[in-house]
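Order of the sequence lines fixes the chain letters, A, B, ..., with proteins taken first and strands second; residue numbering starts at 1 for each chain.
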Protein chains: 2
Amino acid sequence: MSTATENFVKAIYNNNSHDAHNTKPGNIAKKLGISSAAATDMAKKLAAKDLLNYQKYQELQLTEKGRKMAMNIIRKHRLWEAFLFKMFDMSLHDIHKEAELLEHQTSDLLANKMSEYLGHPKFDPHGDPIPNAHGEITTTDTSFPLSQAAAGNTYIISRLTSDDKEFFEFCAQHKLKYGHEIKVSKQFKNNKMTELSVHNNTILLNEDFTTLIYVNSTK
Amino acid sequence: MSTATENFVKAIYNNNSHDAHNTKPGNIAKKLGISSAAATDMAKKLAAKDLLNYQKYQELQLTEKGRKMAMNIIRKHRLWEAFLFKMFDMSLHDIHKEAELLEHQTSDLLANKMSEYLGHPKFDPHGDPIPNAHGEITTTDTSFPLSQAAAGNTYIISRLTSDDKEFFEFCAQHKLKYGHEIKVSKQFKNNKMTELSVHNNTILLNEDFTTLIYVNSTK
DNA sequence: AAAAATTTTTAAGCTTACTTAAAAATTAAT
DNA sequence: ATTAATTTTTAAGTAAGCTTAAAAATTTTT
């Protein structure tokens, strides 16, 4: 299958997994940087290939076949992220961009070799779970966005879910990294801003970023 | 530039480097598995982009810009070969196939990181020289095809230049590997068949293979 | 419940990278 | 040096993956 198809299916999966149900052609189009018309067109073609269900004006839904394809690509993406992160000194954003391209040109064989070499990791450097060779995610995710964290508590960063360069640069600069501990001191204006301390520095984040940073309670 | 363009330019370069001047559209078409018509079409388009010179019924010639592009892709291909060879236990043919895909989706940054990690190798696992970041090959090649080797002499395998699976399987089976020593015992029928010993086994190869195996004299 | 705003779909058109079939030119053979 | 064989080019057509603009449907606002 083509890169365009794989990215389309992946976008539907990602828009459907943690977020709400924003999988209408327009939403997918925005994510992929193409026109709504192109997305509608593509949706029809992929429906004919049994990768998704398409009904006029309705949300797009992946079929089992489509879900498997999405998981296969996401697995390769996250394995590349983990692999490049281990092998080379590159920024998370650069790693993400390379993975975004390499994922479409990677055989299952090579993906499995990478996984084996890395000791079959369960998470990539952003904290996103890596599906296994059967397209399953075996870890249970109890994390939630930082915007919903309670003041006074301590948390561990479990995911950084973005593909925005500025976001990653900000995270790198302030040591907001996967696995690191943070303490939330205050939530302002109905959780639109969050004050927290990381490595003894206090920073104030607004909603744009706190919805991208997922955390787990330190029980 | 697209994968099709990169492969086209690469094919011209490869057909022009050690072999003769078989760079007419038909030759390139055969190499790429497309029709002659498609190759002629492509040649015109790439001429318009100043990647090659096209004149009806003549050999295609890369411009300096085209040559640079070819070297850039070949560099990435060979770095991937060297990298995958070092990292994973995969057949030369599988490695070649992965490299063939990955080369088009690899940034200069990542290529340089791989080169650095490998200690800036001068050759890939087939013995082909790896161009540097400026698109130059600094090693001087004194090798020649086994078909032209003299009976009675000993040689070192310097290159295995093919992308045919059977060829690589044959080489692996008979320990015909880059750097290994062989002794030519006889040349038959105007060099159409070559008898040689490798690791104390005698084998008789025909021209199809002896033109793909390059060797250096052991002076 | 209309009217207004937004979104989705349809329609027409474009580029890339191919195809096949026929015409034109080159190359090889007698 | 013609003729025959081969190769290259031209011409017409296709599929994928987009675009913009207008029509149709849905959603939101009042």
Among residues 49-68 of chain A, which residues get a heavy atom nearer than 4.0 Å to DNA chain C?
-> A:Y54, A:K56, A:Y57
Counter-base of D:dT30, judged by Watson-Crick or G-U geometry with both distances under 3.5 Å = C:dA1
Test salt bridge (charged side-chain N to carboxylate O under 4.0 Å, His left out) applied to [X] - qualifying residues, sequence neighbours left out:
X	answer
A:D141	A:R159
B:E195	none
A:E100	A:K10

Only counting residues at least two apart or in another chain, list the ones meeting ring pair (Phe, Tyr, Trp, His ring centres under 6.0 Å) with A:H120.
-> none
What pairs with B:Y54 under ring pair (Phe, Tyr, Trp, His ring centres under 6.0 Å), at least two apart in sequence or on another chain?
-> none
At under 4.0 Å between heavy atoms, what does B:K45 touch on the DNA or RNA strands: base, sugar-phosphate, or nothing?
-> base
Keeping to residues at least two apart or across chains, list the salt bridge (Lys or Arg N to Asp or Glu O under 4.0 Å) pairs with something in residues 41-55 of chain A.
-> A:D41-A:K45
Positional range of nucleotides in DNA chain C within the contact set of chain B, heavy-atom, under 4.0 Å | C:dA17 to C:dT27
Among residues at least two apart in sequence or on other chains, which ones pass side-chain hydrogen bond (donor to acceptor under 3.5 Å, both in side chains) with [X]?
X	value
A:S158	A:S143
A:H93	none
B:Q105	none

Would you please indicate yes or no on a ring centroid separation below 6.0 angstrom for A:F168 and A:H126?
-> yes
When B:N27 and A:A4 are each assigned the nearest nucleotide of DNA chain D, the 5'-most assignment goes to B:N27
Does any residue of residues 35-44 of chain B have a heavy atom under 4.0 Å from DNA chain D, and if so, which ones, in number order?
-> B:S36, B:A37, B:T40, B:K44
